[in-house]
Amino acid sequence: MPLISLVILLIFWVFVAVPVSVVVRKAGFSAWWNLMHLLPLLGSFILLWITAMRKWRVVRTVQPDVFD
């Protein structure tokens, strides 16, 4: 039974890790921050706070002004 639960947790982590790594990389951080999800419950909240509170490295594109 413990092996089955470990496999289920690993599958869940992979499904969470892929979109989180995309968001974290777009924010300019390393994808290694995904390892925070391995900490039960607390890791996700820490990653969320760090991602939300730090300044993002955003590449802006020039958008045409609507009122020109």
Side-chain angles (χ1 to χ4, degrees):
M1 189 68 166
L3 183 61
I4 293 173
S5 60
L6 182 64
V7 169
I8 290 172
L9 283 173
L10 184 63
I11 290 171
F12 177 73
W13 184 77
V14 168
F15 279 118
V16 170
V18 171
V20 168
S21 67
V22 171
V23 171
V24 169
R25 275 191 249 141
K26 284 184 180 182
F29 302 119
S30 173
W32 286 100
W33 280 98
N34 267 327
L35 295 177
M36 292 294 287
H37 283 125
L38 295 177
L39 296 173
L41 191 63
L42 186 61
S44 297
F45 289 118
I46 291 172
L47 181 62
L48 178 65
W49 273 92
I50 289 172
T51 307
M53 297 302 169
R54 290 195 56 187
K55 188 170 186 167
W56 285 33
R57 183 190 72 196
V58 178
V59 178
R60 299 205 184 262
T61 59
V62 178
Q63 296 180 356
D65 191 18
V66 178
F67 300 107
D68 276 346

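Hydrophobic clustering, with ILVMFWY side chains joined whenever heavy atoms are under 4.5 angstrom apart, keeps Phe12 apart from Leu48. Hydrophobic clustering of Ile, Leu, Val, Met, Phe, Trp and Tyr side chains at less than 4.5 Å, counting indirect connections, keeps Val22 apart from Val16. Phe45 is not connected to Leu9 by any chain of hydrophobic side-chain contacts under 4.5 Å among Ile, Leu, Val, Met, Phe, Trp and Tyr, and they are in different clusters.
Summarising the hydrophobic clusters (Ile, Leu, Val, Met, Phe, Trp, Tyr; side-chain heavy atoms under 4.5 Å, direct or chained), the residues clustered with Leu10 are none. Through direct or relayed side-chain contacts under 4.5 Å between Ile, Leu, Val, Met, Phe, Trp and Tyr, Ile11 connects to Val7, Phe15.
Across all their heavy atoms, Trp13 and Leu35 have their closest contact at CZ2-CD2, 4.3 Å. When all heavy atoms of Thr51 and Phe29 are compared, the pair lying nearest together is CA-CE1, 4.1 Å.
Ser21 places a side-chain N or O within donor-acceptor distance of the main-chain N or O of Val18, the cut-off being under 3.5 Å.
Legend: residues meeting side-chain contact (heavy atoms from CB on, under 4.5 Å) with Ile46, ordered by chain and number and at least two apart, are Met36, Leu42, Ile50.
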